[in-house]
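Excluded from the calculations below are hydrogen atoms, water molecules and symmetry mates; all remaining heavy atoms, backbone and side chain alike, are included. Labels below follow one simple rule: chain letters A, B, ... track the order of the sequence lines, proteins then strands, and each chain is numbered from 1.
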Protein chains: 2
Amino acid sequence: MTGLRERKKQRTRDSLIRAAHELFVEQGYEATTVDEIVAAVDVSQRTFFRYFASKEEVAFALQTLVSERYLEAVRRRPPGGSPVQVLRSTLDETWESIGEAIEEIVPLPLHMQMWQIIETTPSLVAVHLRHSMEMEERLAAEIARREGVDLEGDPRPRVLVAAFSGVMRAASRCWGSGGDTTVRAARQKVETYVDQLGPALGQDWGTPGAHTSGAGAHSQLPSASTPRTPPETAPSN
Amino acid sequence: MTGLRERKKQRTRDSLIRAAHELFVEQGYEATTVDEIVAAVDVSQRTFFRYFASKEEVAFALQTLVSERYLEAVRRRPPGGSPVQVLRSTLDETWESIGEAIEEIVPLPLHMQMWQIIETTPSLVAVHLRHSMEMEERLAAEIARREGVDLEGDPRPRVLVAAFSGVMRAASRCWGSGGDTTVRAARQKVETYVDQLGPALGQDWGTPGAHTSGAGAHSQLPSASTPRTPPETAPSN
DNA sequence: GAGGTTAGTGACAGTCGCTGACAATTGACA
DNA sequence: TGTCAATTGTCAGCGACTGTCACTAACCTC
């Protein structure tokens, strides 16, 4: 069904992604020039920039794929469950199938290494965060839709998604700086963090150093039903 | 106490910041070249890059000042109150004095316009988010210190700060896209949003469209003590 | 299957952000 | 006033990115 032209395009695109990933992982993002990438695939520099708007974009080709799939999965999810639960279960649900989609372009370990490169390259960190934010906006819109609330009048969709995404990022950052870079470890870390969201917002953490003085200043958040969750000594990196 | 040399440096730096801000606001960030900025101040391009590592950096000179002051204020805050309260009250406490510090370099309205430029320029959004993240890390460390918990073993400091910052960003984005660009409006928006953090994490938002089915999938967050907060029709932009 | 159409590519020139190296200038201090 | 050190200007160059135009190759039609 796809013409020769179409397939050829797909092939060059994938080749560029793969070559770029290998070079980035091997010698770093900044140290790799676009000329080197195109030399590896044997196309002109101009062609590269027809496929990717910037050198950054090729670095995020797979991350984009992941986000897109996750959002799709949230959209497809049948109604029911609290918003937080929806976000979280969809995570569980999609983890594997997304991995398979990536494997069709680059080996998973390479993708994981690229993830680390992103997390340790300031300019890429910046772009990554912007992508996350754009995703947040779309997620918030979806949550608002499925809960039947007004995205503009009611802050809760954006607030929830902002908090959730923030926690997710914190988790993956923590994972990235750790030793175990397997998919399994990443998954575990994210789950641990998300589950701490409730306890962390509690009034008092009930640990040495916390001065449980009386009423504080301004608005107090509603205290969680499990007010003092001991650290549980979450597996550090 | 400051020598002539020192004062001269400070003056060029401030001039560069001011000229850059004016040009950015006038014709956009991307459309403004570094050559134009240095022409306005009449220094060489090389000098510009000795003061600022990049064109982006001059755009964030004031944001950096703000962050630095806020963090300082948190550090100085006496013990007591829950972590969330500390973050929030410090906000109230510092708002004004920071405004005054900015006025010494550029007029406040110009700074506000620059803020809008940042929020609407993709590459600047990216950098801004990275700065926020770096600030998160420092804030988390500070919270961990004052609560006497271990930043590595206990996820709560990072989780709390991540959630808090995420909400702050959502608020200021919302403010930036609205009509009222005064400092007062910004402050109000941030406060509204922060106060919604608790309710948004509740089990069920209790509004049409929310299907209050039984037990959902995985971990359930502790339900907030005010489980269903009606939207309150927060003032939209 | 020849011939026209269109999409995709390569080559080239040019802009802009940014850096290294070295020379010129200027404030600091004896 | 002369010496030293900090700041600045000049110039040459790299790398990311873009516009333009000619060229090739897949597609479509007759």
Exercise. Taking CZ from B:Phe48 and P from C:dC16, how many angstroms apart are they, rounded to a whole number?
Worked result: 15 Å

Exercise. Between C:dC18, D:dC11, C:dG10, which nucleotide gets closest to the side-chain atoms of B:Arg46?
Worked result: D:dC11

Exercise. Please give, in whole Å, the distance from D:dA16 P to A:Leu23 CG?
Worked result: 12 Å

Check the interface with nucleotides 26-30 of chain D: list each N/O to N/O pair with the protein under 3.5 Å, or write none.
from   : atom 1 : to     : atom 2 : distance (Å)
D:dA26 : OP1    : A:Lys8 : NZ     : 3.0
D:dA26 : O3'    : A:Arg5 : N      : 3.4
D:dA26 : N3     : A:Arg5 : NH2    : 2.8
D:dC27 : OP1    : A:Leu4 : N      : 2.7
D:dC27 : OP1    : A:Arg5 : N      : 3.0

For this session: Can you establish whether the number of heavy atoms outside B:Arg7 located under 6.0 Å from its atom CZ is more than 12?
Result: yes

Seminar exercise, completed: Atom CD of A:Gln45 and atom P of C:dG8 are separated, to the nearest Å, by 20 Å

Exercise. If we only count heavy atoms from C-beta on, is the A:Thr90 to A:Thr94 side-chain gap below 4.5 Å?
Worked result: yes

Exercise. Is there a donor-acceptor contact under 3.5 Å linking the side chains of A:Thr33 and A:Asp35?
Worked result: no

Problem set entry | Pairwise 5' ranking along DNA chain D for A:Val34 and A:Arg50, keeping only the more 5' one | A:Val34

Exercise. Quick one: does B:Arg7 reach the base of C:dG27 with a side-chain donor-acceptor pair under 3.5 Å?
Worked result: no

For this session: With heavy atoms under 4.0 Å as the rule, sort A:Ser123 into base, sugar-phosphate or nothing.
Result: nothing

Exercise. If only side-chain N and O atoms of B:Lys9 are considered, is one of them under 4.0 Å from the OP1 or OP2 phosphate oxygen of D:dT7?
Worked result: yes

Exercise. Relative to the 5' end of DNA chain C, which residue comes earlier, A:Thr47 or B:Phe52, by the nucleotide with the nearest heavy atom?
Worked result: A:Thr47

Exercise. Taking CG from A:Asp35 and P from D:dC17, how many angstroms apart are they, rounded to a whole number?
Worked result: 12 Å

Seminar exercise, completed: B:Glu30 atom CD is separated from C:dC16 atom P, nearest whole Å, by 13 Å

Problem set entry | Euclidean distance, atom CG of residue A:Leu16 to atom P of D:dA16 [Å, nearest integer] | 14 Å

Problem set entry | Separation of D:dA16 P from A:Ile37 CD1 (nearest whole Å) | 8 Å

For this session: Compare side-chain N and O positions of B:Thr33 against OP1 and OP2 of C:dC16 and report whether any pair is under 4.0 Å apart.
Result: no

Problem set entry | Within-4.5 Å side-chain heavy-atom neighbours: B:Arg138 and B:Glu68 | yes

Exercise. Is it the case that more than 12 heavy atoms not belonging to A:Glu36 sit under 6.0 Å from its CD atom?
Worked result: yes

Exercise. Would you say B:Thr64's side chain and B:Phe60's backbone share a donor-acceptor pair under 3.5 angstrom?
Worked result: yes

Problem set entry | Phosphate OP1/OP2 of C:dG8 contacted by A:Tyr51 side-chain N/O (<4.0 Å) | no

Exercise. Quick one: does A:Leu23's side chain get under 4.5 Å of A:Tyr29's, heavy atoms only?
Worked result: no

Exercise. Taking atom P of C:dC16 as reference, at what distance in whole Å does atom OH of B:Tyr29 sit?
Worked result: 14 Å

